[in-house]
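Here's the structure we're looking at; comments come further down.
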Amino acid sequence: MHDIKWIREDAAAFDAALARRSLPASSPQILKLDGERRAAQTAMQEAQAKRNDLSKQVGELKRTGGDAGALMQEVASLKDRMAELEVQEKELGTQLDTILSSLPNRPAPETPDGKDEHANKEIRRFGTPAGHNAPRQHYELGEALGQMDFTNAAKLSGSRFTILSGALAKMERAIGNFMLDLHTDTFGYTEVSPPLMVRDEIAYGTAQLPKFADDLFRTTTGLWLIPTAEVPLTNLVNGDILEPEQLPMRVTARTPCFRSEAGSAGKDTRGMLRQHQFYKVELVSITMPDQSKAEHERMTECAETVLKRLEIPFRTMVLCTGDMGFAAQKTYDLEAWLPGQNTYREISSCSNCGDFQARRMNARYRPAGEKGTAFVHTLNGSGLAIGRCLIAIMENFQNPDGSIAIPAILRPYMGGMEKIEVTAKL
RNA sequence: GGAGACAUGGCCGAGAGGCUGAAGGCGACGGUUUGCUAAACCGUUAUACGGGGUAUACCUGUAUCGAGGGUUCGAAUCCCUCUGUCUCCGCCA
């Protein structure tokens with residue numbers, strides 16, 4: 001959600017910011033609506049003031065035994081006009097909100113301009129791809145191991161689901177446990193186990209709604225299955241006024257994520273790269289405005305540390321304006337090396353949303369030494385996507401015989417196991 | 001799922017159609033007193049939006065007593081719906 005006051009003050013800057021996302025100038029329409037809304041509001045408030053005043057006089061007259069009939073008549077006639085003005089004001093307000101809530105966040109100044117992912121910029125790189133001889137893709141490896149089954153998953157649930165079993169299923173669990181321990185023990189995040197279904201206004205708070213309802217699953221009771229733990233974690237502060245000493249607030253959770261991926265039929269159809277359901281460890285920070293930039297770097301490093309400890313080669317990209325998500329001002333993607341695909345693929349996305357989500361959630365804090373409140377900043381990042389991490393391990397640690405070496409850091413989480421070997425199919 | 005009770009400011013807690021943005025207390029902040037601490041006393045202590053104004057001072061209006069409707073000249077107070085909390089019963093991991 002954008003700050004209407006800012007748009008009033010500097011409409012040109014507002015339009016210029018959204019032009020970087022290839023959007024047409026919307027300030028003329030917004031300002032027109034805003035002016036009309038305020039005029040209606042002022043008129044309504046004046047009418048209310050008059051009614052309050054007259055009603056007070058009625059009370060006065062009644063107490064002293066006078067005749068209040070004429071005054072009551074006058075207020076009664078005022079009411080028609082008030083009702084009209086109220087409807088008008090509400091209608092204009094709704095129109096304004098509809099526009100404001102459907103516009104994406106403005107990019108940070110340092111976010112590079114660009115049309116699509118080709119304009120993203122690599123900013124650093126870790127590790128060197130091992131140079132496998134004829135590397136296989138994760139689904140070939142997994143099926144050969146007898147521990148990854150797409151056919152049976154389709155029987156249960158249709159396409160874009162996977163069944164893991166045996167050591168591979170255990171490794172999925174181990175990966176999540178390792179990540180949670182790292183973020184809580186080393187980086188100071190508090191572990192949370194949140195609801196996986198949320199109300200409309202919660203999905204609105206993080207900006208999944210109203211624009212992206214098609215990407216979500218909805219229960220018959222009207223709740224939304226979370227597409228990421230960002231949604232419940234960020235909304236932890238929905239409607240709150242926080243004290244400065246509570247900030248920054250850092251939380252993490254491992255949850256399933258549910259995505260209908262309505263728009264991407266035909267993309268990455270093989271394997272478990274793009275699924276309707278996957279596990280992810282999410283990082284969320286709530287900060288004061290002047291902290292969010294540093295927090296963004298810190299969060300990205302937390303995510304990078306996961307890949308470093310797992311010894312998976314990756315590169316860190318800063319997304320361009322055209323590839324960045326709706327709520328973000330600036331986003332870093334981590335892309336893990338996948339030898340089977342001979343390319344880097346996204347495994348984490350860390351975004352600074354500034355006050356964009358905070359406005360939608362009405363999440364504020366009290367600045368020390370100032371009166372009043374100010375919106376907090378929100379940040380979220382994957383730390384990391386567990387399914388894709390499993391894929392990256394399988395492809396990077398594959399042996400010519402089809403077995404998978406287990407990264408050293410993960411072995412304690414797998415009872416000391418060092419290698420995943422072929423088993424009979426489940 | 002069945003039955004009932006409740007929802008007021010940072011917290012506790014009055015209020016039962018007008019004089020209530022809301023008594024009283026606690027807490028917090030500022031001040032007076034004080035050798036220090038404590039105590040006592042005085043004062044301040046919500047949010048949002050609008051109008052005026054040298055746009056962060058200040059003045060003024062409106063709204064907000066869980067949310068949304070309704071009744072009324074006038075609603076924290078009466079009515080309806082919803083949401084949430086608590087208690088009892090049933091069911092269940």
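Labels below follow one simple rule: chain letters A, B, ... track the order of the sequence lines, proteins then strands, and each chain is numbered from 1. No hydrogens, no waters, no symmetry mates; every other heavy atom, side chains included, goes into these values.
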Checklist line | Stem regions touching RNA chain B, defined by at least 3 consecutive Watson-Crick or wobble G-U pairs below 3.5 angstrom | finding: B:1-7 with B:83-89, B:10-12 with B:24-26, B:27-32 with B:40-45, B:46-52 with B:58-64, B:66-70 with B:78-82

Donor-acceptor pairs under 3.5 Å, side chain of residues 69-93 of chain A to any protein atom, not counting sequence neighbours: which ones?
from	atom 1	to	atom 2	distance (Å)
A/Ser77	OG	A/Glu74	O	2.7
A/Glu91	OE2	A/Gln95	NE2	3.1

Next item on the list: List the steps and the verdict of side-chain contact (heavy atoms from CB on, under 4.5 Å) for A/Tyr365 and A/Leu247.
Entry: CA-CA 9 Å; A/Tyr365 77 106; A/Leu247 303 173; 3.8 Å; yes

Next item on the list: Quick one: do A/Asn105 and A/Arg21 satisfy side chain to side chain donor-acceptor pair (under 3.5 Å)? Show the steps, please.
Entry: CA-CA 9 Å; A/Asn105 204 348; A/Arg21 292 224 195 211; over 6 Å; no

Report, one pair per line, the protein and nucleotides 60-63 of chain B atoms (nitrogen or oxygen only) whose separation is under 3.5 Å.
from	atom 1	to	atom 2	distance (Å)
B/rG61	N2	A/Gln45	OE1	3.0
B/rG61	N2	A/Gln45	NE2	3.2
B/rU62	OP1	A/Asn52	ND2	3.4
B/rU62	O3'	A/Gln48	OE1	3.4
B/rU62	O2'	A/Gln48	OE1	2.7
B/rA63	OP1	A/Arg51	NH2	3.2

Item checked: Carboxylate-amine/guanidinium proximity below 4.0 Å for A/Arg37 and A/Asp34 -> yes

Notebook entry, point to check: Is the phosphate of B/rG50, meaning OP1 or OP2, less than 4.0 Å from a side-chain N or O of A/Arg8?
Noted result: yes

Next item on the list: Nearest whole angstrom, please: distance from the P of B/rU71 to the CE of A/Met82.
Entry: 13 Å

Margin query: Between A/Gln147 and A/Thr423, do the side chains contain a donor N or O and an acceptor N or O under 3.5 Å apart?
Written below: yes

Note to self: Would you measure the distance from the P atom in B/rU8 across to the matching atom in B/rA23 and give it in whole Å?
What the structure shows: 16 Å

Margin query: Any carboxylate oxygen within less than 4.0 angstrom of a Lys/Arg side-chain nitrogen, looking at A/Lys293 and A/Glu110?
Written below: yes

Note to self: What's the gap between B/rC6 and B/rU77 when it is taken at their P atoms, as a whole Å value?
What the structure shows: 15 Å

Checklist line | side-chain N/O A/Arg199 vs B/rG84 OP1/OP2, d < 4.0 Å | finding: yes

Next item on the list: Could you list by number each residue of residues 83-94 of chain A showing a heavy-atom separation from RNA chain B of less than 4.0 Å, or answer none if no residue does?
Entry: A/Lys90

Checklist line | Atom P, compared across B/rA40 and B/rG9: separation rounded to whole Å | finding: 27 Å

Check: If we take the C1' atom in both B/rC12 and B/rC82, what is their distance in whole Å?
Finding: 28 Å

Note to self: Between B/rC59 and B/rU45, how far apart are the two P atoms, rounded to whole Å?
What the structure shows: 12 Å

Check: In whole Å, what separates the C1' atom of B/rC65 from that of B/rA22?
Finding: 8 Å

Notebook entry, point to check: Restricting to pairs with a member in residues 20-49 of chain A, which pass ring-ring contact (aromatic ring centres under 6.0 Å, His included), not counting sequence neighbours?
Noted result: none

Margin query: Between A/Lys5 and B/rC49, is there a contact of a side-chain N or O with OP1 or OP2 at under 4.0 Å?
Written below: yes

Note to self: In this structure, how many angstroms lie between the C1' atom of B/rG50 and the CG atom of A/Asp34, rounded?
What the structure shows: 11 Å

List, one per line, each side-chain donor-acceptor pair under 3.5 Å for residues 375-395 of chain A, sequence neighbours excluded.
from	atom 1	to	atom 2	distance (Å)
A/His377	ND1	A/Ser292	OG	2.9
A/Thr378	OG1	A/Gln357	OE1	2.7
A/Asn380	ND2	A/Glu230	OE2	3.3
A/Ser382	OG	A/Ser349	N	2.9
A/Arg388	NE	A/Leu273	O	3.0
A/Arg388	NH1	A/Glu346	O	3.0
A/Arg388	NH2	A/Leu273	O	3.1
A/Glu395	OE1	A/Gly340	N	2.7
A/Glu395	OE2	A/His138	N	2.7

Item checked: Spacing of the P atoms in B/rA63 and B/rA57 (rounded, Å) -> 23 Å

Note to self: With a 4.0 Å cut-off on N to O distance, would you call A/Arg218 and A/Asp200 a salt bridge?
What the structure shows: yes

Next item on the list: Pick the C1' atom in B/rG90 and in B/rA3, then give their distance to the nearest Å.
Entry: 11 Å

Item checked: Side-chain N or O of A/Arg38 closer than 4.0 Å to phosphate OP1/OP2 of B/rC49 -> no

